[in-house]
Amino acid sequence: MSTAPISHMNHTTLHRSKHLITTTVLCTLGCLLMLGVASPQQAPTVPAKVATPAATAISGPQVFTVDDVHSMALFRVQHFGAGQFWGRFNDIEGNFTFEPGKAEGMKFDITIKVDSIDTANDDLNKHLRSPDFFSAKDFPSMTFKSTSAKKADDMVYDVTGDLTLHGVTKSVVARVEYCGMADMGRGLKAGFEAQLVIKRSDFGIKYGTDKGAIGDSVKIIVGLEGGVAKK
Amino acid sequence: MELDIIIRAVLTPTLAVLVVMLLLHWISNKMHSWTLAKHGRRHVALYFSLNLWMPILVVIPPIAAHFHLQPGLEWPWTTAYGQLPVSLLIGACGAMITTYFTKQSWQLTGVIAVAVCSTVVLAPPGIGGVPQHLIVALVATLSSCGIAQSATQTRATSFAALMVIAACASVMCMLSGFAKLSVVVAALSAGSATFAVAAMFFPSVHLGRAGATTFACSLTACMFVGAGYDESGFPWWIWTMLALSPALMGVSALRAVSSRPGVRLFAIVATPAAFAACAVATVVLTSGAVFKQSNQSTPSESYGTDRQP
């Protein structure tokens with residue numbers, strides 16, 4: 001009398017358990033699959049889609065103060081006619097004015113401290129700071145002040161400005177890519193990546209150029225992130 | 001530093017100076033006999049004497065090296081390195097004027113004036129104040145008197161001592177991270193080496209008081225600039241030691257050191273050379289300028305002359 005119901009009950013419980021486990025596994029796989037598809041690593045080309053100009057609506061141009069922790073300036077130059085040598089400047093400050101989608105009113109006023117040069121080698125840093133190259137004690141900072149900007153593409157701008165380096169000021173054009181704008185609870189932030197190529201001999205930094213030991217042409221890449229203080 | 005730069009910036013102007021010196025030596029001898037025979041006067045020949053032109057010959061190699069590495073005269077001056085050739089030229093021209101002073105008191109006044117004038121135009125970053133200029137002028141004066149004391153007694157020996165001192169100073173500049181200044185000081189050393197060789201063959205080749213003043217002012221000016229741009233944080237007294245080391249040539253040349261001329265000649269070279277070498281050794285040992293590993297977490301490969309352009 002007692003074995004049949006127990007057997008029937010066990011069979012039902014077992015069937016439900018199997019169904020539950022199968023459902024759980026399928027759900028988990030489904031979730032993992034969805035996460036995998038939506039992962040940023042799978043779609044690195046459109047980071048700005050997170051916050052497109054349309055996504056963050058602001059009224060009029062905003063002034064952003066450069067966040068020195070999340071901003072950096074890199075430079076690249078050919079060494080001994082062979083490899084491309086990279087270095088960076090760690091201290092970058094200033095501000096930029098921007099309204100998404102508009103070149104009018106776009107302004108950059110950026111200052112980089114030459115003393116913050118970093119090539120991951122102390123002796124090379126010293127040599128680069130000396131008058132052989134940047135003469136950091138005579139010219140402690142380099143600056144870029146924009147004079148005009150025009151839209152080159154949907155997210156790209158050509159910004160003309162005065163670059164002061166090694167005591168010499170010259171007009172240069174930087175290609176500036178708008179990376180995005182968002183407010184994630186710590187005030188409105190905007191980001192840009194600027195690229196330009198200069199001839200260092202134009203700025204009086206000629207050491208090693210005569211025989212091409214160090215390239216004259218220097219590529220500069222500046223990653224900027226700035227924020228508006230939260231009201 | 002490429003060998004090519006050493007040849008073009010250091011050896012070429014030094015050889016040019018040697019040719020000019022030999023030419024002056026020949027003209028001086030010819031003019032001397034010609035003026036005596038024709039007019040019975042000697043002062044025309046003096047205008048072509050090596051004693052008068054030695055200050056210019058001393059500064060030609062470093063100035064040529066400077067302009068080779070940084071073509072064109074910088075104006076307005078923005079760096080003390082740009083001011084350096086002007087300082088060297090003021091020192092040389094001032095020293096040429098002092099050759100006309102016959103009284104000892106006037107000679108000393110001339111040396112002080114030249115030291116002050118040649119260093120006052122320099123304003124290295126951070127150390128361009130009046131007290132520093134006074135100290136630098138004092139060091140240049142002491143060095144000048146020391147070299148002059150030795151140069152009036154010896155010819156090739158004085159040049160040899162100056163060659164070693166300048167070589168040590170050049171190494172110091174290289175260690176501080178200022179390669180261009182290192183080449184300029186190396187040219188000063190190479191010039192002294194050339195004069196030392198020439199002095200062994202031609203008796204009229206000697207540094208003289210004016211040459212001594214020029215060399216002292218040139219070395220002091222280079223060390224002053226080097227201290228200003230020092231990126232390695234070497235103590236200021238190390239730079240002063242190097243600038244002051246020629247003063248020991250004068251101390252070694254005193255009769256009180258030894259009555260034997262051979263010992264004095266050895267002391268004139270060895271004492272300042274050892275003093276200058278001590279300065280460089282102190283820097284190397286205390287700062288680890290040569291042996292240390294990079295403090296960075298990433299590549300710690302050494303950055304030596306084989307990697308520099």
Side-chain angles (χ1 to χ4, degrees), chain A residues 72 74 77-90 113-142 164-169 200-216 218, chain B residues 1-2 4-5 8-9 68-72 74 76-84 123-128 173-183 225-234 287-290 292-309:
Chain A
M72 187 189 285
L74 299 166
V77 65
Q78 193 169 31
H79 183 247
F80 277 156
Q84 293 290 352
F85 172 77
W86 288 85
R88 69 186 194 189
F89 293 95
N90 294 328
K113 287 182 183 161
V114 175
D115 210 30
S116 70
I117 197 164
D118 183 1
T119 60
N121 185 299
D122 280 348
D123 293 335
L124 178 53
N125 293 345
K126 277 191 285 186
H127 193 196
L128 288 170
R129 280 195 292 261
S130 80
D132 289 348
F133 290 94
F134 288 99
S135 196
K137 288 186 177 173
D138 288 313
F139 313 108
S141 60
M142 64 177 94
T164 302
L165 168 63
H166 200 251
V168 179
T169 303
R200 63 189 178 97
S201 59
D202 290 346
F203 294 87
I205 306 175
K206 296 174 183 171
Y207 190 85
T209 54
D210 55 344
K211 287 265 179 174
I214 307 173
D216 190 15
V218 182
Chain B
M1 190 63 60
E2 284 178 357
D4 178 54
I5 292 176
R8 283 184 291 142
H68 180 82
L69 295 168
Q70 190 169 299
E74 187 183 292
W77 290 324
T78 49
T79 65
Y81 180 70
Q83 297 161 350
L84 190 60
I127 53 170
C173 295
M174 183 61 89
L175 290 174
S176 77
F178 197 166
K180 282 198 284 194
L181 184 64
S182 171
V183 174
V225 171
Y229 288 108
D230 182 7
E231 291 290 344
S232 299
F234 296 155
S287 70
V290 173
K292 74 172 178 192
Q293 290 292 306
S294 173
N295 293 330
Q296 304 288 340
S297 55
T298 37
S300 58
E301 294 289 330
S302 64
Y303 177 67
T305 50
D306 57 328
R307 284 158 193 267
Q308 282 183 18

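Scope of the values below: all heavy atoms of this structure, side chains included, with no hydrogens, waters or symmetry mates. This is a predicted model, so every value here is computed, not measured. Lettering of chains follows the sequences in order, A, B, ..., and the numbering in each one begins at 1.
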Euclidean distance, B:Tyr229 OH relative to A:Ser130 OG, rounded to 0.5 Å: 10.0 Å
Can you tell if the side chain of B:Thr79 reaches within under 4.5 Å of the side chain of A:Ser135, non-hydrogen atoms only? yes
Show your working on side-chain contact (heavy atoms from CB on, under 4.5 Å) between A:Lys137 and B:Glu231 and close with a plain yes or no. CA-CA 9 Å; A:Lys137 288 186 177 173; B:Glu231 291 290 344; 4.0 Å; yes
Shortest non-hydrogen contact from A:His127 toward B:Ala179: NE2-CB, 3.7 Å
